[in-house]
Amino acid sequence: MKDASAYAFLVDQLRDGLPGTRPVDKPRELVSASWQRSLAASVDPEHGLPPVVYAENDVPDLRADHPLASVMPSLRAMLVSIADQAEHIMLITDAAGHLLWREGNAKVRKQADKVLLTEGTRWTEEAIGTNAMGTALAVDGPVMIHATEHLVRRYHPWTCAAAPVHDPDTGALLGVIDITGPMSTMHPSTLALVSAAAQLAESQLQTRMNSRNERFRLRNMRHLSGLSGKPGALVSPTGRVVAVESCDGLPSRVDVGDEKGTLWLPDGREGFLEPLAEGFLLRIAPGLSHRRPQLLTLPFLGADDTRALLDGREIPLTLRHAEILALLALHPKGMTAEQLALVLYGESGNPVTARAEIHRLRTQLGASAISTKPYRLEAEVDADFINVRKPLRERRVRDAVALWRGPLLPRSNAPGVQTEREQTLTQLRRLVLERRDLDALYSFVRATPDQEALEVLAWGMPLADPRHAWVQSQLRQCIADE
């Protein structure tokens with residue numbers, strides 16, 4: 001492995017421990033996964049620097065156009081004075097990891113200049129390796145990165161904590177709020193502080209959204225009244241239902257993406273969208289139409305780049321949202337927030353956090369795709385990790401490996417996902433080794449390198465088989481990696 005020496009060096013650095021702490025045997029799982037993603041992106045641990053994407057004079061315009069600009073006064077009041085006194089700086093990025101705001105202690109800002117911790121640079125894991133801002137973006141959750149946990153060596157003197165901020169209307173990731181400073185001045189409560197700041201930002205954005213919706217409602221009630229008692233609604237540009245007329249059972253959000261202006265409601269009614277200056281007037285046809293449920297396709301076997309398809313429309317997903325969809329698909333009768341939190345986070349899971357993630361996911365997919373009380377998928381589900389179960393159960397080895405693309409969500413640490421992943425892999429591995437079907441074995445190891453399966457192939461496959469050289473190469477690699 002090209003980066004093995006760099007990775008070993010970093011493991012050794014962390015094993016030595018931080019000053020005043022006992023040595024540890026291995027990096028935190030969060031950090032280890034981040035290092036692997038960063039090294040896969042060819043980040044240089046010895047000499048890496050963040051790319052300068054925007055010139056200094058471009059940054060003010062980027063700030064002005066960013067949704068977090070409206071909550072900056074509150075963030076300054078909450079964080080900057082604390083950061084200044086504690087020899088920290090406050091950093092805020094956009095969703096792509098571009099650093100747009102940097103405020104706080106003057107001495108620390110000067111130190112930050114020397115390592116390009118400046119506005120206009122990009123701080124994703126792919127650009128500069130493990131760091132709180134980039135890793136918070138990658139996992140879509142609060143993160144604290146200590147000293148030598150940073151992938152790039154020049155950032156070992158720094159410790160940082162970051163939390164993501166989401167649009168309360170659409171659920172989209174807007175960016176992260178970060179507190180960074182010298183390792184010696186960072187307090188363990190800093191992560192809780194930035195998490196609270198992110199919640200404050202989302203709360204204020206929610207208040208502003210509610211005000212916009214109310215203004216939209218007041219200015220456009222005449223259109224709703226013009227329906228003369230027929231069912232309809234006022235809908236914001238993002239699909240949020242703001243006001244209704246003679247219409248029961250309307251979801252809080254509808255899909256406004258259809259260019260033809262038509263949509264289907266969960267109860268089977270057809271709707272028609274008429275553009276207004278600030279949103280839409282939704283007219284609802286009388287009576288019910290028979291429409292099949294939406295088709296939700298979940299191609300999660302071997303998936304590093306998580307996405308779903310909803311009636312053929314591709315929907316990019318965070319790893320957390322992919323985990324939730326996988327778990328709901330595995331529990332078709334539904335789960336409470338407490339049950340979901342347990343299989344998603346383990347014993348320390350918080351139902352409040354699970355509810356917040358479901359809210360964001362329903363915003364992204366549409367409220368009709370996931371029902372509540374309990375949380376349950378209402379769409380028809382086509383999931384490769386479920387489809388593989390039937391041929392496995394019936395011991396049809398070739399049909400099973402034909403569906404196999406690799407383990408379920410290999411980057412996931414969610415206990416419920418890990419259990420399903422390990423059970424399916426164990427069953428499939430046992431079946432292909434028992435059957436000794438060379439074609440099935442070959443298909444299996446192409447998706448999931450396995451030394452024993454490769455040894456069986458190497459012994460049983462004719463030398464003239466064009467696949468034999470690849471099998472021997474993979475077997476040597478497995479032996480070398482032991």
Main-chain N/O of Lys373 paired to Arg376 side chain as donor or acceptor, under 3.5 Å: no

Side-chain donor-acceptor pair present, Gln418, Ser412, cut-off under 3.5 Å: no

Derivation and outcome, salt bridge (Lys or Arg N to Asp or Glu O under 4.0 Å), residues Asp437 and Arg398: CA-CA 8 Å; Asp437 182 308; Arg398 290 199 174 191; 2.8 Å; yes

Taking every non-hydrogen atom, the tightest pair across Leu408 and Glu420: CD2-CG, 3.8 Å

Nearest non-hydrogen partners of Arg37 and Thr135, listed with the distance: NH2-CG2, 4.3 Å

Distance-only donor-acceptor check, side chains Glu455 and Gln451, under 3.5 Å: yes

Parallel, tilted or perpendicular: rings of His150 and Tyr155 (30°, 60°): tilted

Distance under 6.0 Å and angle within 45° of ring axis: Arg446 vs Trp470: yes

Enclosure of Glu29 CD (heavy-atom neighbours >12, cutoff 6.0 Å): no

Close side-chain approach of Leu330 and Val343, heavy atoms under 4.5 Å: no

Short side-chain donor-acceptor distance under 3.5 Å, Thr130 and Glu149: no

Side-chain donor-acceptor contact under 3.5 Å, Thr448 with Trp404: yes

Side chain to side chain contact (heavy atoms under 4.5 Å, CB included) between Tyr375 and Gln339, worked out: CA-CA 10 Å; Tyr375 296 128; Gln339 291 170 329; over 6 Å; no

Criterion side-chain hydrogen bond (donor to acceptor under 3.5 Å, both in side chains) against Glu357, the qualifying member of Arg320, His166, His321: His321

Over all atoms of both residues, closest heavy-atom pair of Ala132 and Val143: CB-O, 3.9 Å

